[in-house]
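Right, one structure below, let's go through it.
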Number of protein chains: 2
Amino acid sequence: MTEKPPREGKRPTIADVARAAGVAPAIVSRALSPSRRPVSLEKKERVLKAAAELGYHQNPLARGLATKSIDLVAVIINYLSDLSDLDLFDPLLDAIQSLGKQAILIRVGRTKRIDDFLRNSLSYHVHAALVFSDFADAGEVRALFHSDNVLMLNGRFDAESARIRIDEQSGIDELVRHARGRGVGSAVLVTGRVSSLVEEARIAAYRSACAAAGVRLLSEVGGDYSYGSGVKAAAVIAVAMPEAVFCTSDSMAMGVMDGLARAGRRPPADYLLYGFDAVDKGNFAAYDISSVGFDRSALVAGILAYLGAPEEFPAAGLDIPTRFIARGTG
Amino acid sequence: MTEKPPREGKRPTIADVARAAGVAPAIVSRALSPSRRPVSLEKKERVLKAAAELGYHQNPLARGLATKSIDLVAVIINYLSDLSDLDLFDPLLDAIQSLGKQAILIRVGRTKRIDDFLRNSLSYHVHAALVFSDFADAGEVRALFHSDNVLMLNGRFDAESARIRIDEQSGIDELVRHARGRGVGSAVLVTGRVSSLVEEARIAAYRSACAAAGVRLLSEVGGDYSYGSGVKAAAVIAVAMPEAVFCTSDSMAMGVMDGLARAGRRPPADYLLYGFDAVDKGNFAAYDISSVGFDRSALVAGILAYLGAPEEFPAAGLDIPTRFIARGTG
DNA sequence: GTGAAAGCGCTAACAC
DNA sequence: GTGTTAGCGCTTTCAC
């Protein structure tokens, strides 16, 4: 490393570089930042050289104070599982970092003083906010995040908000039609956290798909997305055994499968079983559950496009289609 | 909301509050921040009142520039799975936020220019860094992170570094003794990413535990922690069927289980199977795998203690013990 | 206990 | 193209 700060114990500043390069501080700023102001090639090189020799690095705080913006993207979640799964998270982080920004991960409970919390924090000054959490609707979030760029990914968008929507209806329609095609006339739906708008929409999609396909929905059993709640649901389901079980998560489907196995019922022989949110790779042999999924990389690509040029993002938002994935259970 | 900024379109500053309260800006700063300088109760109340009326909120950037520190905790990872699992992540985020700080999540690949990357970014100014990634050893990280507080959680600590260590040896010893107690004389070890120091130590722990307990390690099969790599490993294992299979992750154990099932071998009747990193709750009935786990909440509590008072953290670091968890497969 | 004033390190306006 | 000069909003001496 070639670091030798001019003043002992202090990091070199733009002034130090300017002195070393024999130019004005403003030139250094222009040479080192994506400024649109012109700098002669010769001075630019001198500056770059001096900066390297001094081991100069920008102070993002000072830069942020001056420009009133900061290379940070806030990712707003309730639970980490709001990010669907780990397959989404790592590429998302990569995407954010590839833009020279970093991700600040904010977990918002259902507290009322979210605004105070946010406004006092760095998150209020971020370049953009990605809202996965269903804590607030588009209007509130816009008000909250000042002039910042907000992308709604939680389903709570309105006409004015930038948004990416997972179009679950398409995959669910396909799934239910598939079941119908295999002779299913009646089914039970196992649901997750109904407080969530996304879940509400998902349930509605199942209802309408069933109505359209001519599948009778015998009942809806409440769960919480977890394997355990699926096992519990199975006890209820076993009473009036339907021809098919639709679950709004794969984990619940696994639970239902194990729960019903205790009663000697196994898919696909005794009933058809469908999950939701298929992760493409690494499916367990023991739980080869038919499901609905979407292309994670398409979602990340959409987010990346938004982050790169928010103003050019389609006003109508972006829709990511889902598709039915046939596996062993249905 | 009671927000009425004095100048149109601009957020109120400390100067606005000072004017409204009829005091000097310095007083406002002292009243509103945990400053040790005294402020008369009466003025403090005036300030608080004015701030509330104006809807004043601190600008963390300006504060950070002045104090050279910022209420951000950097979480350094390679993959999100470095955080063990989701059960760890949500409580960790809660812990960080409960301290009034926020988490900035940084994914470092194996790139060489990490230092440049970090020094130019906010992460360089954070209050503390939690290093889960094995990208660098303690010395490098300390050099990199300036004077900041660094907690090593990746096993790459030295005598001077603050660290929390998961003591895997204890749980592995227990596991191997347990296998020996059930008559196991020979076993195969399925390993993960061997480039990682943690994995290296884990493998060494198995070796020494086997030597101590008198279990012969027939071979070591390389995997990558994933279910799929476990399935592949099973093909190799099936050739010379050992009495037990130890896997350094639960996912690989699941894969091994399914892979060997194709050859008609099922635990615990035909062999004993052990995983690693048990998540306590929600174990799948179909994969009831004996494993080694540790108390996630103890880890989070340790991190919280460090974050709250880094200088009071035990110089010797903290050890989180692991324990063997007996389940159906061994 | 209080306030004026000098930074923190950078960018943006404005002259040249 | 270049340099000078004000800030950005806060904390912190330092004098009172």
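Just so you know, these numbers come straight off a predicted model, no measurement behind them.
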> Between B:S29 and D:dT11, does any side-chain N or O lie under 4.0 Å from OP1 or OP2?
Replying inline: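 Yes, such a contact exists.
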>> Whether B:S33 contacts D:dT11 is assessed here as follows: a side-chain N or O lying under 4.0 Å from the phosphate OP1 or OP2. Is that the case?
In response: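 Checking D:dT11 against B:S33, a side-chain N or O does come within under 4.0 Å of OP1 or OP2.
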>> What's the separation between atom CE in B:M152 and atom CZ in B:R142, rounded to the nearest 0.5 Å?
In response: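 B:M152 atom CE to B:R142 atom CZ measures 8.0 Å (nearest 0.5 Å).
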Tell me the interatomic distance from [X], atom [atom1], to [N], atom [atom2], rounded to whole angstroms.
{"X": "B:K68", "N": "D:dG9", "atom1": "NZ", "atom2": "C1'", "result": "15 Å"}
{"X": "A:L122", "N": "D:dG9", "atom1": "CG", "atom2": "C1'", "result": "14 Å"}
{"X": "B:D16", "N": "D:dC8", "atom1": "CG", "atom2": "P", "result": "11 Å"}
{"X": "B:R63", "N": "D:dT12", "atom1": "CZ", "atom2": "P", "result": "8 Å"}
{"X": "A:R19", "N": "D:dT4", "atom1": "CZ", "atom2": "P", "result": "13 Å"}

> Could one point to a donor on the side chain of A:R37 or the base of D:dT2 with an acceptor on the other under 3.5 Å away?
Replying inline: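 Indeed, a donor on one side and an acceptor on the other fall under 3.5 Å apart.
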> Could one point to a donor on the side chain of B:R30 or the base of C:dG1 with an acceptor on the other under 3.5 Å away?
Replying inline: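 Answer no: no donor N or O sits under 3.5 Å from an acceptor.
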>> Between the opening five pairs and the closing five pairs of the helix from C:dG1-D:dC16 to C:dC16-D:dG1, how far apart are the helix axes, to 10°?
In response: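 Rounded value for the end-axis angle: 40°.
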>> Taking the basic N atoms (NZ, or NE/NH1/NH2) and the acidic carboxylate oxygens, is any pair closer than 4.0 Å for B:K49 and B:E53?
In response: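 A salt bridge is present here (some side-chain N lies under 4.0 Å from a carboxylate O).
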